[in-house]
Amino acid sequence: MNYTSTRSDKKVRETYALLNGLAADGGLYVPASFPRRSITYKDIAGKSYQEIAAIVLSKFFTDFTEAELKDMINAAYNTKNFSTDDIAPLHSLLERVSILELFHGRTQAFKDLALSLFPYLLTAAKEKEGETKEVLILTATSGDTGKAALEGFKDVPGTHIQVFYPTDGVSPMQQEQMQKQTGDNVNVTAIRGNFDDAQQFLKRLFVNEEVNQAVADKGVMFSSANSINIGRLAPQVVYYVAAYEELVGQGAIHEDEAFNIVVPTGNFGNILAAYYAKMMGVPIGHLICASNRNNVLTEFFETGTYNCKRPFFTTLSPSMDIVESSNFERFLYYVCGENPVRIKAEMEGLKKSGKLSVTAEELSRIQREFTGAYVNDEETKAVIEQVYNSYGYVMDPHTAVAMGAYMKLLAKRPELGACHTVIAATAHPFKFPSALCEALDIREGGTPYESLEHISAVTGVAFPKQLAALQDTPIRFNRTIDKEEMRKEILAFVDAFTK
Ligand SMILES: *Cc1c(COP(=O)(O)O)cnc(C)c1O
C-alpha cells in the first residue's frame, strides 16, 4: 500500500514510510487511500486480540504477507510481554463506563502496545527496502516513550538504541526504569537541561549530512521511534477495535450502537488512533480529548484556533505536558478533506505565527465528533480519591485526567451519558507513587518502592512484577552529560557497537 505526506501528494511505499518515519517535506505519512469502513462487527466477533490485530494491520500494511504479519503479532502480543492474556482488558467501572486498560505491557504504559510490535515492523521494512545498514534508534524522552522503546528494541537483531532523558522532568520511578535497562544493544544517557533541548538537538542531527555520512561509512543509519511513525500509529488502532468487540461481547452495547471514547492526550497519537478506528467502521460516537493545564487542544475544540503561544506547565500527568502535538497535523489533514496544499500552508503559518485556525464550517463539523475538556492537578487528585473511594479502583494521574474531563463534560452536556463511554487508561498507577500517596492520603516512604508498598497494602493493588524486580536490579547507566556532548555520545556508541 502507498502512503503520502500530509504536505504533498508524492507517494511512497509503506515500507519506505515505516523506515523513514517523517516525510522529507516535514509532513507526516498517511495512507494514500484510507481503508474507510473496512471493518464490520462480523469480521471481529469472537476473535482474540491477536486475530483482531492481524485484521486491522492488514488494512494498513499490504506489502507483508498474512503469515509475516501473524509472526510479528505473535512475537509482540504474548504473555511474555504482557501480564494478561487479554493484552488490553476492558474493566467495567460503572454500568455505562468502562476502562480500557492499556498498561499491562513491560513498562506499564500504553506505549508498550505499539512499541512491542514496532521493532518487528521496522526491521521487516528494512529488509524489504533492501537496506543492509544497522539501525540506530535515537530517542529523547520525557518519560514513558524512552523506556517502552528500550524494552521494544532491546536485543532485536540489526538494531541499537540510544535514549536521552533530561535530569529534571522524569519521575524517580521512570528514571530507575531507564537506568537499570538490560540488553546488549542499548545505551541510556541523562542530559543536563530540559526535554526540548534534547529533542531539538536530535531533530537537527537527523538531517545533518556530515554526521549521517560518518555513521553510514560504518554501516549505520539513524531512525526514530517517536509517535509520528505510521508503525506506531497503526498498532494503536487495534485496541479500539478490540474494545468494540469486547463491549458487544459483554452485552454493554449492540453491534450497531455508538459508544464514546475519552483519551488523555499529549501528542494526539492515541486519540488519532481512535479516530482511525472510527473511520474504519467502529461505531464511535464522541471522541473526548482530555488535557491537563496544558490545554491548547481544549481551546482548539472550543474555538477552532490552535494557539501555541502560551505558558508551559509541569503537571502531575507529565506525558501530557505538551504544547505542540505532532499528530494533530494528521487530524487536520482529514478535517480539511485530505488537502496537502492547505496543510503545508497551515503548518508554515503555525511555525511563523504560533497560531492556526480552521473555518467556522470546519469547526462545526469537528464539534459533531470531538469535544475537549481539561482538569488541573487539584482536580486530578480529587478524581483519583473519588474513584477509589466510590468504586475501589486506583487510577494513575493521566487516566484520572481523562475521567475528570469526562465528569466535567457530563455536567455540561448530560446527553453524552446516554452512550456507553470507554476511558483509555494509559499508565499503571504504580508509576506515579507520590501523586497517589498525596491523592489517597497514604504515607510516603523514604523510597518510591516503600511508597508503593504502602499503596499496595492500603488498596490491595498488586505490585507489577517488572517494577518490583527493579528494586534489586543494579543501576547500569548513570552518566550525565551536557547537551553539547550528545553528538560525541552517539558517535562513541556507534564506535563501540561497530568494532
Ligand atoms: C504518551 C502518554 C500519553 C499521551 O499520549 P499521546 O498519544 O501522546 O496523546 C498519555 N498518558 C500516558 C501515560 C502516556 O505515556
Side-chain angles (χ1 to χ4, degrees), residues 28 88 99-116 118 139-152 165 169-171 173-174 177-178 195 199 225-240 261-277 287-292 294-298 300-301 315-331 370 372 374-375 380 384 394-405 423-432 435-436 464 467:
L28 276 58
I99 311 286
L100 179 59
E101 294 185 345
L102 302 173
F103 52 73
H104 294 287
R106 284 173 290 188
T107 78
Q108 296 75 46
F110 91 91
K111 310 270 191 312
D112 289 326
L113 275 298
L115 280 161
S116 297
F118 178 64
T139 302
T141 184
S142 59
D144 292 330
T145 302
K147 178 64 180 177
L150 284 163
E151 281 296 323
Y165 69 89
V170 301
S171 84
M173 214 61 215
Q174 289 172 322
Q177 281 187 312
M178 288 190 279
F195 169 66
Q199 168 115 317
N226 63 21
S227 69
I228 54 172
N229 194 304
I230 188 70
R232 274 196 57 188
L233 188 57
Q236 295 182 356
V237 179
V238 176
Y239 45 78
Y240 292 112
I261 291 183
V262 192
V263 185
T265 300
N267 250 331
F268 212 78
N270 203 4
I271 193 164
L272 185 76
Y275 186 53
Y276 269 22
L287 288 145
I288 296 161
C289 175
S291 301
N292 60 30
N294 297 293
N295 58 359
V296 56
L297 287 162
T298 311
F300 172 78
F301 288 115
T315 72
L316 290 178
S317 41
S319 299
M320 302 162 67
D321 292 345
I322 287 174
V323 173
E324 278 186 68
S325 296
S326 44
N327 268 296
F328 187 69
E329 179 168 344
R330 279 195 176 104
F331 168 68
F370 279 83
Y374 80 98
V375 296
T380 304
I384 294 174
V394 184
M395 279 180 172
D396 99 283
H398 302 78
T399 310
V401 166
M403 185 73 191
I423 313 264
T426 50
H428 192 286
F430 278 32
K431 283 191 103 164
F432 303 95
L436 251 63
L467 288 182

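Just so it is clear, the structure is predicted and the values come from calculations on it, not from any experiment. Order of listing sets the numbers, starting from 1, for every ligand and every atom in it.
In this structure, Tyr165 has no ring-ring contact (aromatic ring centres under 6.0 Å, His included) partners at least two apart in sequence or on a different chain.
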For a side-chain contact (heavy atoms from CB on, under 4.5 Å) check, start with the C-alpha distance between Phe103 and Asp396, then their side-chain angles and the critical distance, and finish with the verdict. CA-CA 10 Å; Phe103 52 73; Asp396 99 283; over 6 Å; no
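Between Tyr276 and Tyr240, the distance separating the two ring centers is not shorter than 6.0 angstrom.
Between the side chains of Asn327 and Asn267, not a single donor N or O lies within less than 3.5 Å of an accepting N or O. In summary, the side chains of Thr315 and Ser317 do present a donor paired with an acceptor at a separation below 3.5 Å, with no hydrogens or angles considered.
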Tabulation required: pairs of a nitrogen or oxygen in ligand 1 and a protein nitrogen or oxygen under 3.5 Å; columns are atom names and distance to 0.1 Å; otherwise 'none'.
residue: ligand 1; atom: 7 (O); partner: Gly269; partner atom: N; Å: 3.2
residue: ligand 1; atom: 7 (O); partner: Asn270; partner atom: N; Å: 2.9
residue: ligand 1; atom: 8 (O); partner: Asn267; partner atom: N; Å: 2.7
residue: ligand 1; atom: 9 (O); partner: Gly266; partner atom: N; Å: 2.7
residue: ligand 1; atom: 9 (O); partner: Asn267; partner atom: N; Å: 3.2
residue: ligand 1; atom: 9 (O); partner: Phe268; partner atom: N; Å: 3.1
residue: ligand 1; atom: 11 (N); partner: Thr426; partner atom: OG1; Å: 2.9
residue: ligand 1; atom: 15 (O); partner: Lys111; partner atom: NZ; Å: 2.6
residue: ligand 1; atom: 15 (O); partner: Asp144; partner atom: OD2; Å: 2.6
residue: ligand 1; atom: 15 (O); partner: Ser319; partner atom: OG; Å: 3.4

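Taking the six-membered ring where tryptophan is involved, the planes of Phe301 and Phe370 are essentially parallel, since the angle between them stays under 30° and well short of 60°.
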